[in-house]
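Report on the following structure.
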There are 2 protein chains.
Amino acid sequence: MPQSSDTTSYKDIKITVLSRIRSGEWQPDSLLPNEQDLAVEFSCTRTTVNRALRELADEGYLERRRKAGTRVLSAPQRQARFTIPMVRDEVEAMGGTYRYALVSSKLEIAPEWLSARLALSSGQNVMHVRCMHFNGNTPFQYEDRWIVPASVPQVKQADFSQIGPNEWLIQTVPFTNVELSFLASRADATIAGFLDVPEGEPVFTGERITWLQGQPVTFAKMFFAAGYRMTTQF
Amino acid sequence: MPQSSDTTSYKDIKITVLSRIRSGEWQPDSLLPNEQDLAVEFSCTRTTVNRALRELADEGYLERRRKAGTRVLSAPQRQARFTIPMVRDEVEAMGGTYRYALVSSKLEIAPEWLSARLALSSGQNVMHVRCMHFNGNTPFQYEDRWIVPASVPQVKQADFSQIGPNEWLIQTVPFTNVELSFLASRADATIAGFLDVPEGEPVFTGERITWLQGQPVTFAKMFFAAGYRMTTQF
DNA sequence: CAGTGGTCTAGACCACCTT
DNA sequence: AGGTGGTCTAGACCACTGG
């Protein structure tokens, strides 16, 4: 029998299981019935139960181990998922008008801290790009980025006056590994000027390092305008 | 035939698909073959292909639509997953020794900003708990939290001198909805004192609102010590 | 060793969406 | 209208691991 209105689907099972946890019927740390028994209860196959429980475990509600069974997590290791949109999308999602402006773009010798951070050989050239992202005429983000030509040779011919380095990289280097950090930093004179805030102001800051198959591609610092907050619900 | 060493599993397919995207064989925005064709290519059933592609879509690499097919996302909407551990776990994972200290805990009338934020009726009582989390003797996080007795009556009898309000809440209210934000704030005199930083220092700050079935449970501000960064890889 | 979850097959119907 | 992904069934073997 195919799934239809009167069939129990894996989504129904997820909802039911969650409500039993909420209601306290299935206490934290307690063991759930095994898949076969649940399949009988829900009048479906074990495959369907399996998918429901697998997804719930993936979402951090349950812990599953062979032979040991499925357990309600006592301190749900809820994982917050932050979608990391491109700046343009973020501004437009707020109903704003995105505008990009290049500040400077030049090839230079990698500063020592960058060489250390990206494991570059000393004295290696990097493309240093600084730019601004606006919401209308309001500063939204100041970006300070270095791109490694040894990994992305095309960068020497790239023109960042019209397209931001991030969008350019995504088009050019389709797939990468990323390390992303967020922290609070202090606006120095440069940043304060670009973001139009007093010097010394706290600035929400992102740092992003990107590799392509083990080769360092880019290091970027993103300084967000005053009042920015990164939010998620779960 | 069951899965065994020579069978193509959904994991193999995921790896293969990812490598084809990396290598540029499947360009961004391009359409993948449909599931049936891929099943033939990989000598497996469509079910297995389906699981592989479904998970890749879930991870943000692909976009799938009925009839339209499966497409490589041009600007991979990579979702960063930050695991939100409890403070204790976070400190211990760093190899540190966790220590908790209650600063104050008292019932008070909800300030107006809090009433607005949590949609409380004005003049409603809330439990205000302030506490510190240490790594050894080094301040790690200062926590300023309000708990709504109307939603969690037990809070009036709770003793926060030994257990932190977050751990207590997890034990007491096993299941909740959460809104989590991160921002950069400025250390006022109080925060500066607790975190042992100069006043005015930028402080990485988390704000967490929790509901239980639509009822506001708690609002918490978490101020992290200097140098804190939230990091993830993907 | 034996129970539990992990995964695959082969086939089917359906929902949705683009054309 | 027809193709594509979404999901379910019924059955099977396997991998891991707790007792």
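Side chains are part of it too, since the values below use all heavy atoms of this structure and drop only hydrogens, waters and symmetry mates. What you are looking at is a predicted structure, and each value in this text was computed from that prediction instead of being measured. In the text below, chain A, chain B and the rest are named by the order of the sequence lines, each starting its count at 1.
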Any donor-acceptor pair, under 3.5 Å, between the side chain of R65(A) and the base of dG3(C), if you only look at N and O atoms? no
Want to settle it: does R46(B) or R66(A) sit nearer the 5' end of DNA chain D, counting the closest nucleotide to each? R46(B)
Rounded to the nearest 0.5 Å, how far apart are CG of D37(A) and CG of L32(A)? 11.0 Å
If only side-chain N and O atoms of Y10(A) are considered, is one of them under 4.0 Å from the OP1 or OP2 phosphate oxygen of dC8(D)? no
Any side-chain N or O of S9(A) under 4.0 Å from OP1/OP2 of dC8(D)? yes
Counting only heavy atoms not in Q162(A), do more than 12 fall under 6.0 Å of its CD? no
Pair R88(B) + E167(B), salt bridge at N-O below 4.0 Å: yes
Name each donor-acceptor pair under 3.5 Å that joins a side chain in residues 132-141 of chain B to protein atoms two or more places apart or in another chain, with its distance.
unit_1, atom_1, unit_2, atom_2, d
H133(B), ND1, Y98(B), OH, 2.6
H133(B), NE2, E143(B), OE1, 2.6
N135(B), OD1, T97(B), N, 3.4

Looking only at side-chain N and O atoms, does R54(B) come under 4.0 Å of OP1 or OP2 in dG6(D)? no
Are any of K11(B)'s side-chain N or O atoms less than 4.0 Å away from OP1 or OP2 of dT7(C)? yes
Rounded to whole angstroms, how far apart are CZ on R71(B) and C1' on dT18(C)? 11 Å
Looking at dT7(D), I'd like to know if its phosphate oxygens (OP1 or OP2) sit under 4.0 Å from a side-chain N or O belonging to R51(A). yes
Which nucleotide wins on minimum distance to the side chain of T45(A), given the candidates dG3(C), dG5(D), dA10(D)? dA10(D)
R54(B) with E59(B): basic N within carboxylate O range, under 4.0 Å: no
Among residues 29-39 of chain B, which contact DNA chain C at a heavy-atom distance under 4.0 Å? none
Is the shortest side-chain N/O distance from T47(B) to OP1 or OP2 of dT7(C) below 4.0 Å? no
For the residue pair R145(A) and T218(A), confirm or rule out a side-chain donor-acceptor distance under 3.5 Å. yes
